[in-house]
Amino acid sequence: MEEKSNFFKNAQDVARLIPFGRVSSYGAIAKYLGSSNSARMVGWAMNASKGMNVPAHRVVNRKGLLTGIKHFSSPTEMQLLLEKEGVNVHAHQIQNFDELFWDPNVELEL
DNA sequence: TCAATGACCTGCC
DNA sequence: GGGCAGGCCATTG
């Protein structure tokens with residue numbers, strides 16, 4: 001285990017770089033890592049980041065749907081955290097996802 | 001060690 | 001335009 005996997009470490013790092021009141025998607029992070037088709041691994045990294053200072057609640061799928069909400073301690077924890085940051089979430093889905101969307105490829109401009 | 005799963009995305013029919 | 005299947009990489013049983 002350890003942090004030998006750059007993919008996991010990178011995914012967690014990018015998730016940690018997500019600014020306040022902003023959200024990102026697995027595919028965007030996966031693409032930033034170089035593998036847009038490895039979005040699933042990003043979810044795994046979030047799961048492994050549980051317990052760390054990684055705002056996994058700011059990471060959602062391409063549709064802005066809180067797919068990983070069930071993996072949280074509480075099904076409302078993720079939504080509450082997002083609402084606390086000023087993100088409008090309805091039915092486990094981000095409303096202004098297009099505006100709140102934070103793309104590491106664009107913001108970080110690699 | 002092998003096989004299956006998993007918080008997804010893209011492409012094809 | 002909508003639905004289905006495949007693929008990716010790492011972890012777990």
Side-chain angles (χ1 to χ4, degrees):
Chain A
M1 285 75 159
E2 277 82 69
E3 297 97 61
K4 278 160 53 162
S5 310
N6 289 349
F7 216 96
F8 266 52
K9 193 174 186 293
N10 259 345
Q12 292 171 201
D13 188 47
V14 175
R16 211 179 302 175
L17 288 172
I18 301 177
F20 184 89
R22 213 57 102 133
V23 292
S24 186
S25 62
Y26 304 97
I29 298 174
K31 188 170 190 169
Y32 180 75
L33 300 180
S35 298
S36 49
N37 38 349
S38 307
R40 304 176 99 181
M41 298 305 93
V42 181
W44 244 251
M46 297 296 105
N47 186 21
S49 66
K50 273 204 280 288
M52 302 183 182
N53 296 0
V54 181
H57 62 273
R58 291 184 190 158
V59 184
V60 294
N61 67 341
R62 228 357 174 178
K63 299 167 246 179
L65 189 69
L66 308 180
T67 47
I69 195 170
K70 45 196 286 170
H71 286 261
F72 270 73
S73 307
S74 299
T76 48
E77 183 76 11
M78 192 173 184
Q79 182 167 342
L80 281 171
L81 286 168
L82 287 169
E83 289 189 333
K84 275 185 181 183
E85 299 202 351
V87 181
N88 293 336
V89 182
H90 180 66
H92 295 174
Q93 187 175 1
I94 297 175
Q95 302 303 294
N96 303 350
F97 181 67
D98 56 323
E99 296 182 2
L100 299 173
F101 182 68
W102 185 81
D103 193 338
N105 301 284
V106 178
E107 304 297 326
L108 300 178
E109 277 198 77
L110 177 52

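The chains referred to below are lettered A, B, ... by the order of the sequence lines, with proteins before strands, and numbering in each begins at 1. Model, not experiment: these values are computed from the prediction.
To the nearest 0.5 Å, atom CD of residue Q93(A) and atom CD of residue Q79(A) are 11.0 Å apart. Expressed to the nearest 0.5 Å, how far NZ of K9(A) lies from CZ of R16(A) amounts to 7.5 Å.
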For this session: For side-chain contact (heavy atoms from CB on, under 4.5 Å), just list the numbers for T67(A) and Y26(A), CA-CA rounded to whole Å, side-chain angles, deciding distance to a tenth of an Å, and then say yes or no.
Result: CA-CA 11 Å; T67(A) 47; Y26(A) 304 97; 3.9 Å; yes
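Among residues two or more places apart in sequence or in another chain, the side-chain contact (heavy atoms from CB on, under 4.5 Å) test is passed with R22(A) by I18(A), P19(A), W102(A). Shown here are the ring-ring contact (aromatic ring centres under 6.0 Å, His included) partners of F101(A), two or more places apart in sequence or in another chain: F97(A). Not counting sequence neighbours, Q12(A) has no partner by the side-chain hydrogen bond (donor to acceptor under 3.5 Å, both in side chains) test. N47(A) pairs by the side-chain hydrogen bond (donor to acceptor under 3.5 Å, both in side chains) definition with K50(A), not counting sequence neighbours.
Rounded to a whole angstrom, the distance from the C1' atom of dA7(B) to that of dG3(C) is 22 Å.
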Please list, for nucleotides 2-6 of chain C, all pairs of protein and nucleotide N/O atoms separated by less than 3.5 Å.
none

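Look at CZ on F7(A): it is 13 Å from C1' on dG7(C), rounded to the nearest Å.
The neighbour count for N53(A) CG, taken as heavy atoms of other residues, nucleotides or ligands under 6.0 Å away, does not exceed 12.
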Problem set entry | Nucleic acid footprint by protein, nucleotides 6-13 of chain B - heavy-atom cut-off 4.0 Å, B for base, S for sugar-phosphate alone | BBBS----
